[in-house]
There are 2 protein chains.
Amino acid sequence: MSEAIPIYEGAIDKGLEGIVACTTAISAIQDNTLSFRGYSIEELAAKSNFEEVISLLWSGKLPNSRELASIHQELSSQMTLPGELLKVLKTLPTKNVHPMAWLRSAVSISAHWDADANDSSVEANRRKAVRLTARMGPLVCALEAIRQGREPVAPRPEKSLAWNFLYLLNSGKEPSEQMARVFDTCLLLHADHELNCSAFATRVTASSLSDLYSAVVSALGALKGPLHGGANEQVMLMLKRIANMDKAREFVKAALAAKEKVMGIGHRVYKNGDPRAAILRQLSDQLTRQIGEHHWYEISTLIDETMYKEKGLMPNVDFYSATVYYSMGIPVDLYTPVFAVSRIAGWIAHAAEQFGNNRIYRPRGKWTGPIGLKYKPINERG
Amino acid sequence: MSEAIPIYEGAIDKGLEGIVACTTAISAIQDNTLSFRGYSIEELAAKSNFEEVISLLWSGKLPNSRELASIHQELSSQMTLPGELLKVLKTLPTKNVHPMAWLRSAVSISAHWDADANDSSVEANRRKAVRLTARMGPLVCALEAIRQGREPVAPRPEKSLAWNFLYLLNSGKEPSEQMARVFDTCLLLHADHELNCSAFATRVTASSLSDLYSAVVSALGALKGPLHGGANEQVMLMLKRIANMDKAREFVKAALAAKEKVMGIGHRVYKNGDPRAAILRQLSDQLTRQIGEHHWYEISTLIDETMYKEKGLMPNVDFYSATVYYSMGIPVDLYTPVFAVSRIAGWIAHAAEQFGNNRIYRPRGKWTGPIGLKYKPINERG
């Protein structure tokens with residue numbers, strides 16, 4: 001068998017760049033745009049909403065009225081965190097704990113109360129998918145409440161996931177319809193992105209036929225890294241360090257001179273600009289103006305435009321989402337968890353696709369070490 | 001940039017079979033044997049021990065006396081689970097919870113008390129590596145104690161990881177030196193295995209420059225699956241269903257007729273036999289005889305030899321480890337956690353190697369869905 005398998009060494013130590021790992025019909029990056037199940041992200045952002053996109057990503061088609069009502073009902077019924085889970089979550093330390101580490105633990109623990117945890121049937125996976133998606137936001141908001149020493153608020157099941165996130169985050173203060181709508185767009189834009197690192201992590205873990213919670217916990221771990229989900233937080237910290245337009249000019253000059261990577265600028269796959277960034281740029285313009293801090297947008301565009309002029313690099317999804325989240329009052333260290341609140345939709349679609357056409361991921365390594373060494377007794381070792 | 005990258009589609013939906021993902025100098029599968037850092041597994045199993053192999057895997061060379069004393073001292077000092085962690089672990093449900101799910105949560109939570117959790121320096125990673133490795137066994141044994149309703153026993157720091165595992169598992173009953181030695185060999189044999197699915201999961205998560213806990217939690221999730229670590233447990237359940245030699249003959253016949261995969265038989269990489277299986281086969285022979293249940297070994301060899309004669313397939317590491325663990329009185333549902341108690345050594349070596357020469361894993365998907373669909377208002381959808 002192995003004799004017949006050609007060994008391909010073309011992407012060693014390049015993060016599998018250029019390697020097609022699997023067939024997929026969830027999201028596509030083609031002609032420099034992103035589409036979910038065949039619908040362009042621009043059209044979905046303008047006309048759809050997060051719940052509809054969840055249904056689209058999971059089922060492959062836009063829901064009709066009955067199907068949309070059904071996904072709303074399913075999600076609504078699972079939004080509230082079980083009391084026993086909440087009790088344990090309150091005992092987890094939060095001080096000096098990265099919110100993504102807390103979320104990784106919280107999601108892993110959630111499985112202990114899930115009667116479907118050991119059932120990998122399509123039906124049980126659907127129920128778990130709904131629970132994971134409905135509760136990701138409430139879990140993030142529970143962390144915010146717990147670390148502030150207040151009781152987490154109960155969600156309002158008749159409202160959307162986006163509305164509830166802002167409601168729970170602000171301890172029961174109802175968000176404006178405009179803010180809820182903008183946040184819904186943010187969730188929609190981040191919902192999936194082909195074989196990004198965390199979607200790939202989902203598929204690798206799922207490929208041993210492990211369970212959905214394990215796959216999602218792996219994804220959360222991957223998203224945590226600064227080269228992936230952690231980037232939006234880094235963008236805001238960078239902007240805060242820069243603080244004003246004069247320093248922004250100096251910053252870009254220095255970064256260019258030192259050939260340093262600028263957080264949120266450039267993308268391995270999009271070379272002519274990330275279509276999500278274009279949408280988020282408009283939202284950033286609008287929202288920073290609304291809160292009277294338009295300089296964040298101005299600093300951002302200076303960096304964006306200079307990097308394009310000098311290096312041909314364009315912003316990715318993280319670059320303008322930073323100032324959008326900032327304008328909504330989301331704490332900076334929750335930007336990556338917010339990413340997870342959205343991307344859970346895509347992870348689940350990837351796990352389901354992997355389960356449906358599975359082969360365990362097991363690549364090879366190219367050996368660079370010694371071979372045939374002779375074991376020496378301990379007193380003869382250097 | 002992307003224009004210059006050749007796209008390779010040769011391993012689509014084949015679990016990256018034949019794709020060389022990275023250079024590596026940890027373990028090699030060459031000439032049908034396995035070696036760690038250049039030393040054959042046969043020689044290590046005969047002459048070395050688990051702690052020495054941990055040092056070898058992490059540092060690249062066999063430790064001298066001072067270095068071996070140092071790794072012993074480091075591991076010993078970290079074996080005891082922090083009281084606050086144990087307190088939270090006791091509140092986690094264990095009923096109907098897969099032990100690997102529990103372990104995934106337990107390791108994730110451990111990070112909350114680790115002062116080095118947010119520090120990814122080489123020094124902090126070393127301390128975390130030691131903690132994770134020293135505590136994996138005590139965590140598994142804490143689960144066994146908690147679900148039996150008894151207080152976890154404190155480890156004996158002067159003893160080895162293998163000795164302590166058996167000691168803690170049996171609530172403080174000291175194992176015989178022979179049993180401790182056999183279990184040490186089991187840990188040594190399972191310590192690493194090139195780019196298996198969980199090592200690859202470790203590397204994928206680490207590649208976003210996430211932290212060591214996240215990488216190990218991903219690995220635990222991948223190991224949990226029945227196509228990976230879950231296989232040793234499945235082998236024992238299969239043997240128990242078979243129960244005697246007559247049924248064993250029927251079983252193999254039926255499996256061959258139905259062209260069914262037999263758990264623990266066959267390996268994607270070894271085609272002329274897994275060298276670890278040969279060593280474990282001897283231990284299985286010896287231990288099943290010792291406990292007066294040699295029929296488990298006989299049933300195993302009948303399956304093994306028939307599958308080889310009829311299909312040319314040979315047993316992998318899971319096949320004989322099942323009856324070895326059974327003979328040691330390890331509960332069947334802890335076989336996969338035991339795998340983790342050993343493999344943590346390899347995962348950490350892979351994370352360190354990945355951090356040292358990193359590029360984020362981000363392969364591509366081959367699009368098989370529709371494109372350019374037009375969004376329809378909800379009342380026009382089917």
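Naming convention: chains lettered A, B, ... in sequence-line order (proteins, then strands); numbering from 1 in each chain.
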Q.
I'd like to know which of A:His228, A:Lys87, A:Glu43 tops the heavy-atom pair count under 4.5 Å against chain B.
A. A:Glu43
Q: Answer with yes or no after comparing the ring centroid distance for A:Phe200 and B:Tyr361 against a 6.0 Å cut-off, counting only values under it.
A: no
Q.
Between B:Gly15, B:Pro370, B:Pro226, who has the most heavy-atom pairs with chain A when the cutoff is under 4.5 Å?
A. B:Gly15
**Q.** Interchain contact, A:Arg362 with chain B, by part (heavy-atom threshold 4.5 Å)
**A.** both
Q | Residue A:Asn358 versus chain B: region with a heavy atom under 4.5 Å | A | side chain
Q: Please state whether the side chain, the backbone, both or neither of B:Leu68 comes within less than 4.5 Å of a heavy atom of chain A.
A: side chain
Q. Chain A: which of B:Ile29, B:Thr91, B:Ile109, B:Thr94 shares the most heavy-atom pairs with it under 4.5 Å?
A. B:Ile109
Q. By a 4.5 Å heavy-atom criterion (distance strictly below it), what part of A:Leu44 contacts chain B: side chain, backbone, both, or neither?
A. side chain
(Q) Using side-chain contact (heavy atoms from CB on, under 4.5 Å), reason through A:Val217 and B:Ser218 one step at a time and then give a plain yes or no. (A) CA-CA 7 Å; A:Val217 168; B:Ser218 293; over 6 Å; no
**Q.** Value rounded to 0.5 Å, distance of OH in A:Tyr39 from CG in B:Leu373
**A.** 4.5 Å
Q) A:Ser27 versus chain B, heavy atoms under 4.5 Å apart: side chain, backbone, both or neither? A) backbone
Q.
Would the distance check show the side chain of B:Ser210 and the main-chain N or O of A:Gly221 forming a donor-acceptor pair, the cut-off being under 3.5 Å?
A. yes
(Q) With a 4.5 angstrom heavy-atom cut-off, is it the side chain or the backbone of A:Ala117 that approaches chain B, or both, or neither? (A) neither
Q | Least distance between heavy atoms, B:Pro6 atom then A:Tyr8 atom | A | CG-OH, 4.4 Å
Q: Heavy-atom distances under 4.5 Å only: say whether A:Gln30 touches chain B with side chain, backbone, both or neither.
A: side chain
Q | A:His350 portion near chain B, given a 4.5 angstrom heavy-atom threshold | A | neither
Q.
Can you tell me which of B:Ala115, B:Ser48, B:Ala231 forms the most heavy-atom pairs within a distance under 4.5 Å of chain A?
A. B:Ser48
Q. When rounded to the nearest 0.5 angstrom, what is the spacing between CG in A:Leu209 and NZ in B:Lys224?
A. 10.5 Å
Q.
Taking NZ in B:Lys61 as the centre, count heavy atoms belonging to other residues, nucleotides or ligands within less than 6.0 Å. Is the count above 12?
A. yes
(Q) Between B:Thr368 and A:Thr24 (side chain of the first, backbone of the second, donor and acceptor by atom type, cut-off under 3.5 Å), is there such a pair? (A) yes
Q) Which bit of A:Lys374 comes within less than 4.5 Å of chain B, counting heavy atoms only: side chain, backbone, both or neither? A) both
Q: Nearest 0.5 Å please: distance from the OG1 atom of A:Thr33 over to the CD1 atom of B:Ile371.
A: 9.0 Å
Q) Would A:Ser214 and B:Arg104 count as a side-chain contact (heavy atoms from CB on, under 4.5 Å) if you check the C-alpha gap in whole Å, the side-chain angles of each, and the deciding distance to 0.1 Å? A) CA-CA 8 Å; A:Ser214 293; B:Arg104 181 191 68 212; 2.8 Å; yes
Q: Could you tell me which of A:Ala215, A:Pro363, A:Ala28 has the largest number of non-hydrogen atom pairs under 4.5 Å with chain B?
A: A:Pro363
(Q) For A:Glu52 and B:Tyr375, which I'm curious about, is there any donor-acceptor pair between the side chains at under 3.5 Å? (A) yes
Q.
Around atom CG of B:Asp31, are there more than 12 heavy atoms from other residues, nucleotides or ligands closer than 6.0 Å?
A. no
Q) Say you draw a straight line from OG of A:Ser65 to CD1 of B:Ile378; how long is it, rounded to the nearest 0.5 Å? A) 4.5 Å
Q. Are side-chain heavy atoms of A:Arg381 and B:Pro63 found at a separation under 4.5 Å?
A. yes
Q: Could you tell me the separation between the CG atom of B:Asn357 and the CD1 atom of A:Ile12, rounded to the nearest 0.5 Å?
A: 11.0 Å
(Q) With rounding to the nearest 0.5 angstrom, report the NZ to CG distance, A:Lys376 to B:Asn64. (A) 11.5 Å
**Q.** Residue, of B:Ala111, B:Ala201, B:Gly225, B:Ala101, that accumulates the most heavy atom pairs under 4.5 Å with chain A
**A.** B:Gly225
(Q) Are A:His112 and B:Ser105 packed together at the side-chain level, in the sense that at least one heavy-atom pair is separated by less than 4.5 angstrom? (A) yes
**Q.** B:Glu17/A:Arg364 salt bridge by N-O under 4.0 Å criterion
**A.** no
Q: Would you mind checking which part of A:Pro377 comes under 4.5 Å of any heavy atom in chain B, side chain (CB onward), backbone (N, CA, C, O), both or neither?
A: neither
Q: Measure distances from A:Leu220 to the heavy atoms of chain B and classify the residue's part below 4.5 Å as side chain, backbone, both or neither.
A: neither
Q. Top residue by heavy-atom pair count (under 4.5 Å) with chain B, among A:Ala199, A:Gly369, A:Cys22?
A. A:Cys22
Q) Between A:Val107, A:Asn379, A:Thr205, which shows the greatest number of heavy-atom pairs under 4.5 Å with chain B? A) A:Thr205
Q) Non-hydrogen atoms of chain B under 4.5 Å away: do they reach the side chain of A:Tyr213, the backbone, both or neither? A) both
Q | When B:Arg37, B:Lys47, B:Glu9 are compared by non-hydrogen pairs under 4.5 Å with chain A, the top option | A | B:Lys47
Q. Highest number of heavy-atom pairs under 4.5 Å with chain A: which of B:Asp114, B:Leu223, B:Leu62, B:Val88?
A. B:Leu62
Q. Is it true that B:Arg359 and A:Asp13 make a salt bridge, defined as a side-chain N closer than 4.0 Å to a carboxylate O?
A. no
Q) Is it the backbone or the side chain of B:Asn118 that comes under 4.5 Å from a heavy atom of chain A, or both, or neither? A) side chain
Q. With distance as the sole test, does B:Ser208 use its side chain to make a donor-acceptor pair with the main-chain N or O of A:Ala222 at under 3.5 Å?
A. yes
**Q.** Top contributor to chain B interface from A:Ile26, A:Val97, A:Ile19 [non-hydrogen pairs under 4.5 Å]
**A.** A:Ile19
